[in-house]
Amino acid sequence: MATVETRSLTKRFDGTNAVDGIDLAVHEAEFLVLLGPSGSGKTTLLRLIAGLEAPTSGDILVGGRVVTGLPPRAHNMAMVFQSYALYPHLSVAGNIAFPLEAQRMPREAIARKVSWAAALFGIGHLLSRKPRQLSGGERQRVALARAVVREPVAFLLDEPLSNLDAKLRTSAREELQQLQRRLATTTIYVTHDQIEALALGDRVAILDHGRVHQLGTPQQVYEQPADTFVATFIGSPPMNLVDTDALVTGFRPEHFLPREVYGSDEALEPFPFHITRIENLGSDRLVYGLLEPPLPPAKVISRIPCTVTFPLETGARYPFAVRRADLRRFDPRSGASLGVASSVAPSVRPA
Ligand SMILES: Nc1ncnc2c1ncn2[C@@H]1O[C@H](COP(=O)(O)OP(=O)(O)OP(=O)(O)O)[C@@H](O)[C@H]1O
C-alpha cells in the first residue's frame, strides 16, 4: 500500500483536455471514488495513474516517488476493468495465476497465492471452470482475485460492479468495502453512480470536463457542495436551485417541507409553493411545483417522508419553508459556493 498523488496532471486528446490539470492526493489505505458523468475523464485519469497512458504534462507520485513516464510495472497498480478482461481460454485458477506466472514466481508459491485469493473471494470451488461457465458476480470475483495476488500498491477499479444486477450489486458493494478494509490497500474506484460513490468512498472526487469540482467526504459533498454542478449532480432528486439577480439559493428536496412540520421557534425561510404534481413512492412523497411571487417561478421539488401525513393536493398553494441553516448560496456567474445562506436575498423575500 502507498499514497498515490497526481500533480497538475493533464492528458490532451485531439485538442481537448480529457484530464485537465488534476491535483489529487490519495492517502494510504484510503478508498477514493472518482465520480462524474460520462466523458468526464475518470477512466483516462485511472489509466494515467496505472501508467497505461502517458500524460501530456504533470506528474504521478506513488509512495512519494515520481513514476511519470515509467512503465506500468513501476507503478505497480492492479487495475480491474468493467469487462473484467478475463482470459477465456484459461481456467479460473489460470486467470488468477497469470500475473504471478508473468513475474516467474515459483510454482508452489503461485499455488499458495491462488488458493489464498480464491478463499478470500469464496471462489475455491470454481477454480477449474472457464470464465464462460461463471455468472457475472463470479467473474467479478475472479477479476478481483487476480488483482490482489500481485500485492499491488493500489487497486484501480473501473466500474467493476456495473455488469451486476441491482441486488447483486448491493451485496458485492458490501463485500468490496469489507475486503478493502481488511487488505488496507489504497483503492481508487471509478463510477458514475452516485449511490455507489457515497456508499463506498472514504472520500469522493467529483469530476466534470477533466477537472475535479470537489474532493471531500460523502457528507461534505452532499451537505456542502462546492458549486452548482456538484449540488445538482449529487442527490436524487437534485438540490433545488432558485435563481435571483444577486445569487443562487439552493436547498435539498428533503429540507423543503410544509411550514406546519416545523416548530414555532425554528429559524425558517418561507417559500410559498404551488403544487403541480404529487408522486407517492411509498417511503416518501415527491411533490413537484413552482414557487409563488414574490419569488421567481422556479420549478422545485419537495421530498416528504411517509411519516409526515400532512394532507396536500395537486393544484393547491401551501406555505412551505426551509430551515435557514439548510439554505446554500452560490455565485450566479461562476456557480461557486458562497457558503451557508442566512436568508434569501431581501429583494426576493416573500412579503
Ligand atoms: N484514446 C482516446 N482518444 C481520443 N479521445 C479519447 C480517448 N480516450 C478518451 N478520450 C476522450 O476523453 C474524454 C474522457 O474520456 P473518459 O473515458 O476518460 O471518460 P469517463 O469519465 O471515464 O467516461 P465513461 O463514464 O463514459 O466511461 C472523452 O471525451 C473521450 O471521448
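Since this is a predicted model, take the numbers as computed values, not measurements. Just follow the structure's listing: the first ligand is 1, and inside any ligand the first atom is 1.
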Any nitrogen or oxygen of [X] lying under 3.5 Å from a nitrogen or oxygen in ligand 1? Just yes or no.
X      : value
Gly41  : yes
Thr44  : yes
His192 : no

Identity and separation of the nearest protein heavy atom to [atom]:
atom                    : value
atom 27 (O) of ligand 1 : Thr43 OG1, 3.8 Å
atom 25 (O) of ligand 1 : Lys42 NZ, 2.8 Å
atom 8 (N) of ligand 1  : Phe13 CE1, 3.4 Å
atom 26 (O) of ligand 1 : Ser38 OG, 2.6 Å

**Report entry** Geometric cation-pi criterion, Arg252 with Tyr222: 6.0 Å, 45°
**Finding:**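 Cation-pi check for Arg252 and Tyr222: passes.
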Requested in this report: Mark yes or no: Arg141 above the aromatic ring of Phe121, with NZ or CZ under 6.0 Å from the six-membered ring centre and no more than 45 degrees from the axis.
Outcome: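 Verdict for Phe121: no cation-pi partner in Arg141.
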Subset of ligand 1 atoms that lie under 4.0 Å from at least one heavy atom of [X]:
X     : value
Ala18 : 12 (O), 13 (C), 14 (C)
Asp14 : 4 (C)
Ser40 : 19 (O), 20 (P), 21 (O)

Report task. Measure the distances from the heavy atoms of Pro37 to every atom of ligand 1 and state whether one is below 4.0 angstrom. Result ->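 Contact check Pro37 vs ligand 1: positive.
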Query raised in the report: Would you say Gly39 contacts ligand 1, with heavy atoms under 4.0 Å as the rule?
Result: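 Yes, Gly39 has heavy atoms under 4.0 Å from ligand 1.
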Query raised in the report: With sequence neighbours left out, what residues match Glu53 under side chain to side chain contact (heavy atoms under 4.5 Å, CB included)?
Result: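 Glu53 satisfies side chain to side chain contact (heavy atoms under 4.5 Å, CB included) with Lys11, Phe13, Arg47, Leu48 only.
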Query raised in the report: Would you call the rings of Phe256 and Phe273 parallel, tilted or perpendicular, where under 30° means parallel and over 60° means perpendicular?
Result: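 Phe256 vs Phe273 ring planes: perpendicular.
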Query - Part of Leu45 within contact of ligand 1 (heavy atoms, under 4.0 Å) - result: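 The answer is neither; Leu45 stays 4.0 Å or more away.
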Query - Interatomic distance, Leu32 atom CG to Thr187 atom OG1 [nearest 0.5 angstrom] - result: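 Leu32 CG to Thr187 OG1: 9.5 Å, rounded to 0.5 Å.
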Query - Euclidean distance, Asp208 CG relative to His213 NE2, rounded to 0.5 Å - result: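 Between atom NE2 of His213 and atom CG of Asp208 there are 4.5 Å.
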Report task. Evaluate the 4.0 Å heavy atom contact test for atom 19 (O) of ligand 1: does a protein atom fall under the cut-off? Result ->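 Yes, there is a protein heavy atom closer to it than 4.0 Å.
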Query raised in the report: Considering all protein heavy atoms, does one lie under 4.0 Å from atom 30 (C) of ligand 1?
Result: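 Protein heavy atoms within 4.0 Å of atom 30 (C) of ligand 1 - there are none.
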Query raised in the report: Does the side chain of Asp158 come under 3.5 Å of the side chain of Thr43 through a donor N or O and an acceptor N or O?
Result: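 Thr43 and Asp158 do have a side-chain donor-acceptor pair below 3.5 Å.
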Query - Distance-only donor-acceptor check, side chains Tyr318 and Glu313, under 3.5 Å - result: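 Checked: Tyr318/Glu313 side chains show no N/O donor-acceptor pair below 3.5 Å.
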Query raised in the report: Listed by chain and number, what are the side-chain hydrogen bond (donor to acceptor under 3.5 Å, both in side chains) partners of Glu196, not counting sequence neighbours?
Result: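 side-chain hydrogen bond (donor to acceptor under 3.5 Å, both in side chains) list for Glu196, sorted by chain: Arg169, Tyr189, Thr191.
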Query raised in the report: Would you say Phe229 and Arg211 make side-chain contact, with heavy atoms under 4.5 Å?
Result: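 Counting from C-beta outward, Phe229 and Arg211 never come under 4.5 Å.
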